[in-house]
Protein chains: 2
Amino acid sequence: MSRTKARAALLQELEEAMRRSSAQGVLYGQTVANVAGIANSDLECMDILHLEGRVTAGRLAEVTGLTTGAITGVVDRLEKAGLVRRERDEGDRRKVFITVVPEAAMKIGELYVPLQQAMERVWSAYSEEELRLLLRFANEGYKGVLAATSALKGHLDTPPEKRPDLKMRKLPRRP
Amino acid sequence: MSRTKARAALLQELEEAMRRSSAQGVLYGQTVANVAGIANSDLECMDILHLEGRVTAGRLAEVTGLTTGAITGVVDRLEKAGLVRRERDEGDRRKVFITVVPEAAMKIGELYVPLQQAMERVWSAYSEEELRLLLRFANEGYKGVLAATSALKGHLDTPPEKRPDLKMRKLPRRP
DNA sequence: ATATATATCTTAGTCACTAAGAGATTTAGC
DNA sequence: GCTAAATCTCTTAGTGACTAAGATATATAT
C-alpha cells in the first residue's frame, strides 16, 4: 500500500472511530439523564450552569437553542426537583438568574464518576507529551466542529438556488 | 508546579476540552437533522442503517433504545420522506427489514461534508504517527465510555440500598 | 411622556415518545 | 400435526417537551 493510501485509510478509520465514540458519549449522557430522572435538555442546562455559573434564562435559551418558553419549562422542572433556584436580578428586574443548588447538583455530578474513572484509566497509559497532543487535538477539533456547524447553518440560511453544492460523500460501505 | 500536578492539570483541561468538543458534535448532529427536516432520532436511525446496511425494525429499537412502537413511527416518517423502504423478510414473514434508498440518503450524507472537511483540515497538520495515536485513543476511549455506560446502567438496575456510593466529583469552578 | 426595546412567562397546539396490548407468524412440546 | 408459547411489528391512548405567538413587566431612548 502506498504512503498516501495508508494515510487515507487511517483517516477513514479515524473518522469512524471518532463517530463511534462520540455516539457512545451521547448515549452516556442520555443514561445520566435517565438515572437522574430528568429530561435530556434539563441535564444539558445543568451542564451549562455548571460551566458558566450564574446565568440568565435568556442565555440558557441562547446556548441551548431552545425558545425562551421552553426554558421556562426546563427551569420550572429543575426548580421543582430542587436542582436550581431562580433569582431576580436586583439591577434589572426583568432578568432572572438561574443558579444551581450545590448539594443537589453534586448528586448529578456523581453520575459522571464512572465516565471520569474510565477516561482516567485510559489516560493513565499515555505519557504527558501524548496527552498534550490529545489536548491540542481536542481543542482544534472543537474549533473545527464549531466552524462546520456554522457553515452548515449558513447553508440553511442561504436560499436553495444560491447554495453551493456540497461535495458528495462516500456511500455506505455495505450497500 | 510539580510533575504530577502538571499532569493533573493537563488531565482536567483534557476532560473539559473533550466535553466541549463532544457537546459541539451533538450540536452538529442536531443541525444536520434540522437542515434535513427530520427528527433527531430519525437521523440516528439513518446513521445506523448507513453503518449496518439492512436492519430489522426490532434491531433499530434495540440499538437506539427506543420502543418498537416508536420505531414504527420513525420508519413511517423516513419512508414517507423517501429515505428508506420497508421490505418484509420472505424467510420469516414477521420481520420487516429497513433499507436506505441510496439516492435520497446521499443527500443527507452531503450534510456531513462540512464536518468532514473541517476535520480533514485539522488532521492535515498531523503526522501519520500522531494520527495513529489519535486513532488508538479514539478506540480506547470508545471502549471506556461503553464500559462506563453499562456501569452506570448497572447502577440503575441495582436496588438503591445496595448501590455502592460513587465517589464525589469536583464542584463547579465558579460557584 | 411616549414609544420602542428587552426579558421572561403564558397559552394553545404539535409531535415524538411510552406502555400496553392486538395481530400475524414462527417455534417448541407433546 | 396440533396446541401453546414465543417472537416480531403495529396500533392505540395518553404524556410530556417543544414551538409560535402574544401577554406582562421592566428598561431605555427620543
Would you tell me if any nitrogen or oxygen in the side chain of [X] comes within less than 4.0 Å of OP1 or OP2 on [N]?
X       : N      : answer
A:Arg77 : D:dC18 : yes
B:Arg88 : C:dT25 : no
B:Thr72 : D:dT11 : no
B:Arg94 : C:dT27 : no
B:Thr67 : C:dT18 : yes

Tell me: [atom1] of [X] to [atom2] of [N], nearest whole Å?
X       : N      : atom1 : atom2 : value
A:Glu87 : C:dT8  : CD    : P     : 14 Å
A:Leu43 : D:dG16 : CG    : P     : 19 Å
A:Arg93 : D:dT28 : CZ    : P     : 14 Å
B:Asn40 : C:dC15 : CG    : P     : 17 Å
B:Asp76 : D:dT11 : CG    : P     : 7 Å
A:Lys95 : D:dT28 : NZ    : P     : 9 Å
B:Ile71 : C:dC15 : CD1   : P     : 19 Å
A:Glu44 : D:dA17 : CD    : C1'   : 14 Å

Next on the checklist: I'd like to know if B:Asp76 and B:Arg86 make a salt bridge, using a cut-off of under 4.0 Å between side-chain N and carboxylate O.
Outcome noted: yes
Item to check | B:Asp89/B:Arg94 ion pair, N-O < 4.0 Å | outcome: no
Minimum-distance nucleotide (side-chain atoms of [X] versus [options]):
X       : options                : value
B:Leu66 : C:dC17, D:dA17, C:dT8  : C:dC17
B:Asp92 : C:dT26, D:dT9, D:dT26  : C:dT26
A:Val74 : D:dC10, C:dT18, D:dC18 : D:dC18
A:Ala57 : D:dC18, C:dT8, C:dA16  : C:dT8

Next on the checklist: For A:Thr99, is there any backbone N or O sitting under 3.5 Å from a side-chain donor or acceptor partner on A:Glu87?
Outcome noted: no
Checklist entry - For the atom pair CG (B:Asn34) and OG1 (B:Thr31), what is the distance rounded to the nearest 0.5 Å? => result 6.5 Å
Next on the checklist: Is the positively charged end of A:Arg136 above the ring of B:Tyr126, judged by distance under 6.0 angstrom from the centroid and angle within 45° of the axis?
Outcome noted: yes
Next on the checklist: Under 3.5 Å, is there any donor-acceptor pair linking the side chain of B:Thr68 to the base of D:dC10?
Outcome noted: yes
Item to check | Earlier contact from the 5' end, DNA chain D, for A:Gly69 and B:Arg86 | outcome: B:Arg86
